[in-house]
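It should be emphasised that the depicted structure is a prediction, and the values quoted were computed from it without experimental measurement.
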Amino acid sequence: MSSVFSRRDFLKLSGFSLAGLAFRPFFGENQELIYGDLGRVAIYSVSVYKEPWDKSQILFQRYRDEIVNIYEEVISDQGPGYNPRWYRVWGGYIHSAHIQRVEVNLNPVLNTLPEKGQLAEVTVPLTQALRYNRYTGWQPVYRLYFESLQWITGIDEGPNGEAWYKLRDELLGVEYHVPAIHLRPILPQEYAPLASDVSPEKKRIEISLARQYLTAYEGERIVFETKISSGVPDRNPQPDRIPTNTPTGRFHIQSKLPSKHMGDGHLTSDPEAYELPGVPWTSFFEPQTGVAFHGTYWHQNYGIPMSHGCINMKPKEALWVYRWTNPAPEPGAWETRGYGTLVIVT
């Protein structure tokens, strides 16, 4: 049986009382939070259909960062062929493409931190980061999402008197805070190298853009394979704009960051802005345009091009690539560089 908490119970448990900043999307029609199968709407809006196919009647919309209860997963014989997975939710069915499966897991608070910072994972559907200055007080900045990774650099008292972690943005260098209980520290062994006894020259990754598929080899033996989402074909290339298609050719992984801020590089509180702080398990193999393997928390529509050029993967699969490829990752390091594993894109 699912555990049910009232809104008041949850706010008391979380220690967060700034109404509307972080927790409103957690609650459904009866203002109750249910621990069970949950999904977060990861784009501006999604349609709820009467039946699990896209020609069915549209009943209503659900909007970005709303949390829905998922009652059943349905593989529809109406497709779409690359991703026929639908979710039965209150009132109908939603296609899975832009629904992030999420959980609500609260964590004990650290007493001390490593000198270089502590890597941590967001374990709630979303948490609202706040930034303080003496003129305006606490102000919202980014929303940080489930399975994104952040660097903790300090432990402070938050606006509610409880422990909040200070986070440092990897790209901008700015600092902001979130409730400490919303982040789970990641142990070094969780992202230590895999297959380190295999000669580096025997490892390679092949990407088929036509099949939207990744295959990893040790010699001629397949050790991992999965669906991916590559870059959307650039129909109107501009000389002053980075193309969105994934380049083809032979490359080598050269830089790895467990947490990477991708986007336009602005400090903003607009959830519609192209800012993706904390992209997990990035492994860059094409440095000129910044193409990498990485985990994705904003869609699960693998099998069709979806990205701005990178290879989108499920976070756990991107972690496997991060650990298995060379240069061997250094747990605790914000970045690892070196001439690494061969990547062939066709």
Under 3.5 Å, is there a donor-acceptor pair between the side chain of [X] and the main chain of [Y]?
{"X": "S283", "Y": "A292", "answer": "no"}
{"X": "Q139", "Y": "T136", "answer": "yes"}
{"X": "Y165", "Y": "L110", "answer": "yes"}
{"X": "E275", "Y": "H266", "answer": "yes"}
{"X": "E286", "Y": "T289", "answer": "yes"}
{"X": "T296", "Y": "K314", "answer": "no"}
{"X": "K256", "Y": "Y322", "answer": "yes"}
{"X": "T336", "Y": "E330", "answer": "yes"}
{"X": "N326", "Y": "T341", "answer": "no"}
{"X": "S229", "Y": "N301", "answer": "yes"}

Selection [range] - residue pairs positive for ring-ring contact (aromatic ring centres under 6.0 Å, His included), sequence neighbours left out:
{"range": "residues 101-122", "value": "none"}
{"range": "residues 212-247", "value": "F224-W320"}
{"range": "residues 326-346", "value": "W151-W334, H252-Y339"}

Taking 4.0 angstrom as the limit, do [X] and [Y] come out as a salt bridge?
{"X": "E220", "Y": "R204", "result": "yes"}
{"X": "E201", "Y": "K203", "result": "no"}
{"X": "R85", "Y": "E73", "result": "yes"}

**OP:** Only counting residues at least two apart or in another chain, list the ones meeting side-chain contact (heavy atoms from CB on, under 4.5 Å) with R250.
**Re:**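 Counting only residues at least two positions away or on another chain, R250 forms a side-chain contact (heavy atoms from CB on, under 4.5 Å) with L342, I344.
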Subject >> For P287, all residues meeting side-chain contact (heavy atoms from CB on, under 4.5 Å), sequence neighbours excluded >> reply: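 Residues passing side-chain contact (heavy atoms from CB on, under 4.5 Å) with P287: Q254.
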Is it true that [Y] and [X] share a donor-acceptor pair across their side chains at a distance under 3.5 Å?
{"X": "Q300", "Y": "S96", "value": "no"}
{"X": "H294", "Y": "T282", "value": "no"}
{"X": "H299", "Y": "N312", "value": "yes"}

Original post:
Under the salt bridge (charged side-chain N to carboxylate O under 4.0 Å, His left out) test, which residues partner R168, sequence neighbours left out?
Top reply: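 Partners of R168 by the salt bridge (charged side-chain N to carboxylate O under 4.0 Å, His left out) criterion, ordered by chain and then number, come out as E175.
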Look up atom [atom1] in [X] and atom [atom2] in [Y], then write down how far apart they are to the nearest 0.5 Å.
{"X": "L319", "Y": "I186", "atom1": "CG", "atom2": "CD1", "answer": "8.0 Å"}
{"X": "R221", "Y": "K202", "atom1": "CZ", "atom2": "NZ", "answer": "10.0 Å"}
{"X": "T346", "Y": "I207", "atom1": "OG1", "atom2": "CD1", "answer": "9.0 Å"}
{"X": "W164", "Y": "D156", "atom1": "CH2", "atom2": "CG", "answer": "11.0 Å"}
{"X": "Q118", "Y": "Q150", "atom1": "CD", "atom2": "CD", "answer": "12.5 Å"}

[X]-[Y] aromatic ring centre distance below 6.0 Å:
{"X": "W281", "Y": "F293", "value": "no"}
{"X": "W138", "Y": "Y132", "value": "yes"}
{"X": "H95", "Y": "Y87", "value": "no"}

**OP:** Please test V122 against L183 for side-chain contact (heavy atoms from CB on, under 4.5 Å), starting from the C-alpha separation and ending with a verdict.
**Re:** CA-CA 5 Å; V122 176; L183 269 67; 4.1 Å; yes
List, by chain and then residue number, the residues other than [X] in its hydrophobic cluster (Ile/Leu/Val/Met/Phe/Trp/Tyr, side-chain heavy atoms under 4.5 Å); write none if there are no others.
{"X": "V198", "result": "none"}
{"X": "L187", "result": "none"}
{"X": "I304", "result": "Y82, M306"}

**OP:** Dump the intermediate steps for side-chain contact (heavy atoms from CB on, under 4.5 Å) on I205 and V321, then the final yes or no.
**Re:** CA-CA 9 Å; I205 289 179; V321 169; 4.0 Å; yes
Indicate the atoms forming the closest heavy-atom contact of [X] with [Y], along with that distance.
{"X": "C310", "Y": "G290", "value": "SG-O, 3.6 Å"}
{"X": "G303", "Y": "Q212", "value": "O-CG, 3.6 Å"}
{"X": "P305", "Y": "P233", "value": "CB-CD, 4.2 Å"}
{"X": "P277", "Y": "Y297", "value": "O-OH, 2.8 Å"}

Subject >> Heavy atoms from other residues, nucleotides or ligands near CD1 of I242 exceed 12 (cutoff 6.0 Å) >> reply: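 Open.
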Original post:
Are more than 12 heavy atoms from other residues, nucleotides or ligands located less than 6.0 Å from atom CD of Q288?
Top reply: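 No - once you tally the heavy atoms of other residues, nucleotides and ligands closer than 6.0 Å, there are 12 at most.
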Original post:
Is there a side-chain contact between L267 and D169, using heavy atoms and a 4.5 Å cut-off?
Top reply: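 A side-chain contact under 4.5 Å is absent here.
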Atom pairs and distances, side-chain donor-acceptor, residues 41-52, under 3.5 Å, sequence neighbours left out:
unit_1, atom_1, unit_2, atom_2, d
S45, OG, Q61, NE2, 3.4
S47, OG, Q61, OE1, 2.9

**OP:** Specify whether F60 and W90 have parallel, tilted or perpendicular ring planes, treating 30° as the upper limit for parallel and 60° as the lower limit for perpendicular.
**Re:**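 Rings of F60 and W90: tilted, 30 to 60°.
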Original post:
What residues form a ring pair (Phe, Tyr, Trp, His ring centres under 6.0 Å) with F146, not counting sequence neighbours?
Top reply: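 Residues passing ring pair (Phe, Tyr, Trp, His ring centres under 6.0 Å) with F146: none at all.
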**OP:** Could you name each residue pair satisfying salt bridge (charged side-chain N to carboxylate O under 4.0 Å, His left out) that touches residues 112-127, not counting sequence neighbours?
**Re:**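 Only E121-R184 qualify under salt bridge (charged side-chain N to carboxylate O under 4.0 Å, His left out).
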